[in-house]
Structure formats: structure tokens, C-alpha cells
There are 2 protein chains.
Amino acid sequence: MPGTEATPQVEDGTANAPRPDRRARRRLETIEEILDIAVEVMGEEGVNGLSLAEVARRLGVQPPSLYKYFPSLMAVYDALFLRGQLQHLDALRDAMSRADPGLPALCSGLDASGRWALEHRAVAQLLFWRPVPSFEPSPEAFAPSIEMVALQRAALADAVAAGQLGPGANAEEAVYLVSTMISGVLTQAFANEPGLQWGEGRFTPLFPKLMALLPAAFPVSGGPPAVWRPAP
Amino acid sequence: MPGTEATPQVEDGTANAPRPDRRARRRLETIEEILDIAVEVMGEEGVNGLSLAEVARRLGVQPPSLYKYFPSLMAVYDALFLRGQLQHLDALRDAMSRADPGLPALCSGLDASGRWALEHRAVAQLLFWRPVPSFEPSPEAFAPSIEMVALQRAALADAVAAGQLGPGANAEEAVYLVSTMISGVLTQAFANEPGLQWGEGRFTPLFPKLMALLPAAFPVSGGPPAVWRPAP
DNA sequence: GTCTATAGCCTGATAGAC
DNA sequence: GTCTATCAGGCTATAGAC
């Protein structure tokens, strides 16, 4: 918040003491740089392969210096988690707002979600695959994902209201079904097609086909959909 | 193969030198024990958390002793991968053979596959999620997965022949669609519902519903199914 | 096949000078 | 906020005695 300090100062601040907010900004830039490098390391060594020593090496500082910015390795993971959630939420919301409400918004949003995940593989795995057993995201870092679910649920409700999907899509289950579909596509792409973009390969092109199954999963004309039942 | 040795010996073998095949059997038992402990460790520390030192500790030997059985940590991963593939293939094949050919066999097989994965989470992740970047399975360890795909493809072909699915299910794509569905269910269950069994929770009960969508994905009465098309 | 001993690497984290 | 130095521990893997 500018103007908090009582002593005004010129903008390029060549005074003896740097303006406090300038120092703070510089600090934030360093933090962002640390996180960027951490993402880079995770991409090469795997999400678990992140080490502060490697980050320090690439940043050109000694490992202890990083502890001025993050109190522990887990705090770095948490910051990565939060930043990733916010970025992903932005991508989802933006794509949803550009499409018609209801099913189109849902499909566009998930399409953007999948695209984001493939462009940020390491972070996406940290967010949705939980590959670091000793890391549990803090409630603050986890919060955006609640908003994400709410957006999808609202889009499903719009689709029901618009007659694009049957009333079954209002159930809790519908959100889980949709997230399971996108999750399957991304898992297969990650595991079997490293390096390919969204829309390429054997798996991500399946996403539109899966979305096209939603009306069959939640038929408009009443009556429960058929379910295959496993033998006991 | 018994009888290979020229010198016959009593079965409980208290002679000076143990029978060679007895020694070999004992060695195989030790190898199995090492792999069992490795699975246990992965379950607690994550797939990446496997370390030979920890295995040795639990086995009650010193770490160097393990190198008499496996030349490296990656060789242990590879043995785990192969054993897991074979176990999983057995579960799949067995369940398929107990159901009617075609769609029932496919659904039963995948049901058993999912059940196996949830009962062997750590190994399943090693097989299908590839969480250890530095580990690439050997061709021999990977071979059973080719058989697995062949089984599923054959069941889909049977389903088409029986009129349960349309001809689209004969395409390569159909196997990928099915594997994507099961993969999504398992990913969500692993990440969000540790400790739950197959059939419990929010995600694994979705599997029958997903299978029930296959006839909609590959309709019998010709004509391409609708596809949602992302905006450019 | 088991052990001791050890090389040679890595890590996270802290203390304290500047 | 940076550094040096260091602790305390982990790991894979090898050499060589028994």
C-alpha cells in the first residue's frame, strides 16, 4: 500500500536508505525468482527432486541465504502450491467467462485447465497428484481449490437450468465425475507422453469425447442411466 | 528343474554341502523378502522414498549385503516393476476369464484391475504413474503391459462382434479411452482418499458409471458420436 | 554371503562474522 | 542479506576381511 510511509521520496530512490517499499518489492522479486527456479528444478529432477541446494546453485547464492526467504523446504513447496493454485484458477475462470454459461463454459474451462496443466507439468503434479508424502499444503494454499470446485459446480447447475444436462448433474457426484475425466487424461499424458502438448498424442484428444459423454451420463429425459454392476 | 544334479540327496539335506537347488531356492526367497520390504517402505515413504539402506535396516542386514542380490537401486525398482506387472496382469486376466466375453469381461477385468491397484498402491504408482524420473523400466519388465493392452483390445473386439458396442470400439482409440477412465478414477482415489478401499469414497464408485458410458461413446447404430469442439 | 570400513556424494538447517 | 563454516545426517556403492 503506497503512502503508508510518512517520508515521501523520489521515485528512482538514490537516497542513502532505500525506500521500504522498494526493498520489499525487491524481496518479492527474489522470492518469485526462487520459485521460478524451483519449478525448473522440479521439471528436470521430478517434483520430489527439488532441493534448496540446487536452487541456490542456480540462483548463484549459498544455500543458507535462501533461509532468509523461506524457513524450510516445505515452505517453498507451500508457496509453489499456492502460486500454482492461483494461476490454475485464473486460467479456469478466464476460459469459463469467455464461453456461454453452462456446458460450454464447463468444457472451455476444463480445456483451459488441461492446457495449463500440460504447460506446467511439475506444478500440476504437485497440486493434484500429491507426490511428496511429507508435504501437506497449508489451508491458505489449499483455499483456491475450493473456489475451483465451486466454479465447476455452478457451471453444471447452469447446464441443468439450461436443459443441457439432466438434473443428475446437480449432484455432488457430477463434479467428481468431471474431475475424474480430466484427471485421467492428464495422468495418461504425463506418464506416457512427456513433451507433447495439449491436443497432441493419444490421450489429450480424448478430452472432447469425454465431455461429449456428459449428456449421456446425465440424460435430460429423466430415468436413471444404466450402470454396469460388478459381480459379487 | 529337479534331477539336473548327478548326486541325489535326502530331502531335508543335512549333508555337508547344501543341494544347489536348495541354495537357489533360499536365494529366491531372500529376493522376494527384499521386494516385499521395498513395497512396505514405498508405502510409507512414497515411491521415491525407497532406499536400500532402509530395506537393509528392516531386513536386519547391512546395506552392502543387498548388493549380492541386486546390483543397484534401479535394479530393485525394475524387479518391483516386473513383479507388479505380472501380478496385475494375473488379476486382470483372471477376472476377465470369469465373465462373459465382450463388455462384461472388459468391465470385470478393469474392476479387478482397479481393485488390485488400490490394494497395491505403491506398486501401482510405480507401474502407471512413473514417479521416479531416473527410473526407466527395462523392456523385459515392460513386456507384460503389452499383453495387458492386447487383452483389453480383444475384449473390445468381442464386444463389437457381439453387438454390445459399435464398430468405433475397434479403433486404437477405444483402448486409450478405457484406460483413461480407469486411470482417472485411480488417480483421484490415490490423491484424495488415502486408506479407502475400492468401492468406497467419492471416486471409485464412479467406475461403473464410466463403463456404462461406453455404449454412448461407441454407439451401435452407426453415425459418429457428438464431440464438443474447443474454441480456437 | 555376511560383515566392517569407508569413499564420496548429497541433503536440510543453524551459528555467527561481516 | 550475504557470506563461511559446520553440524548432523542421509544415501549409493565399493573394497576387502572372514
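The sequence lines fix the lettering, A, B, ..., with proteins before strands; numbering per chain opens at 1.
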Take atom CZ of A:R57 and atom P of C:dC10, then tell me their distance rounded to the nearest Å. 7 Å

Could you state the NZ-P distance from B:K68 to D:dG16, rounded to the nearest angstrom? 13 Å

Lys/Arg N to Asp/Glu carboxylate O, B:E173 vs A:R202, below 4.0 Å: no

Identify whether any heavy atom of A:R26 sits under 4.0 Å from a base atom; if not, whether one sits that close to sugar-phosphate; answer base, sugar-phosphate or nothing. nothing

Quick one: which of D:dT12, C:dT14, D:dA13 gets closest to the side chain of B:P64? D:dA13

Calculate the interatomic distance between B:M74 atom CE and D:dC11 atom P; express it in whole Å. 14 Å

Need to verify one output field. Residue with the more 5' nearest nucleotide on DNA chain C, A:L50 or B:S65? B:S65

Between atom OH in A:Y67 and atom C1' in C:dT11, what is the gap in whole Å? 9 Å

I want to confirm an ordering. Mapping B:G60 and A:S72 to their closest nucleotides on DNA chain C, which one lands closer to the 5' end? B:G60

Under a 3.5 Å cutoff, is there a donor and acceptor pairing between the side chains of A:Q152 and A:S179? no

Please report, rounded to the nearest Å, how far the C1' atom of D:dT12 is from the CD atom of B:E54. 15 Å

If you check the B:V61 side chain, which of D:dC11, D:dG1, C:dC3 turns out closest? C:dC3

Determine the contact category for B:Y69: base if any of its heavy atoms lies under 4.0 Å from a base atom, sugar-phosphate if only primed atoms, P, OP1 or OP2 are that close, otherwise nothing. sugar-phosphate

Do A:F207 and A:W198 make the cut of ring centroids closer than 6.0 angstrom? yes

A:L73 atom CG is separated from C:dG12 atom C1', nearest whole Å, by 8 Å

Lys/Arg-Asp/Glu bridge criterion (N-O < 4.0 Å) met for A:R27, A:D21: no

Let me know the distance between CG of A:L66 and P of C:dT11, rounded to the nearest Å. 12 Å

Atom CD of A:Q62 and atom P of D:dT4: how far apart are they, to the nearest Å? 5 Å

Can we call the ring centroids of B:W129 and B:F190 under 6.0 Å apart? yes

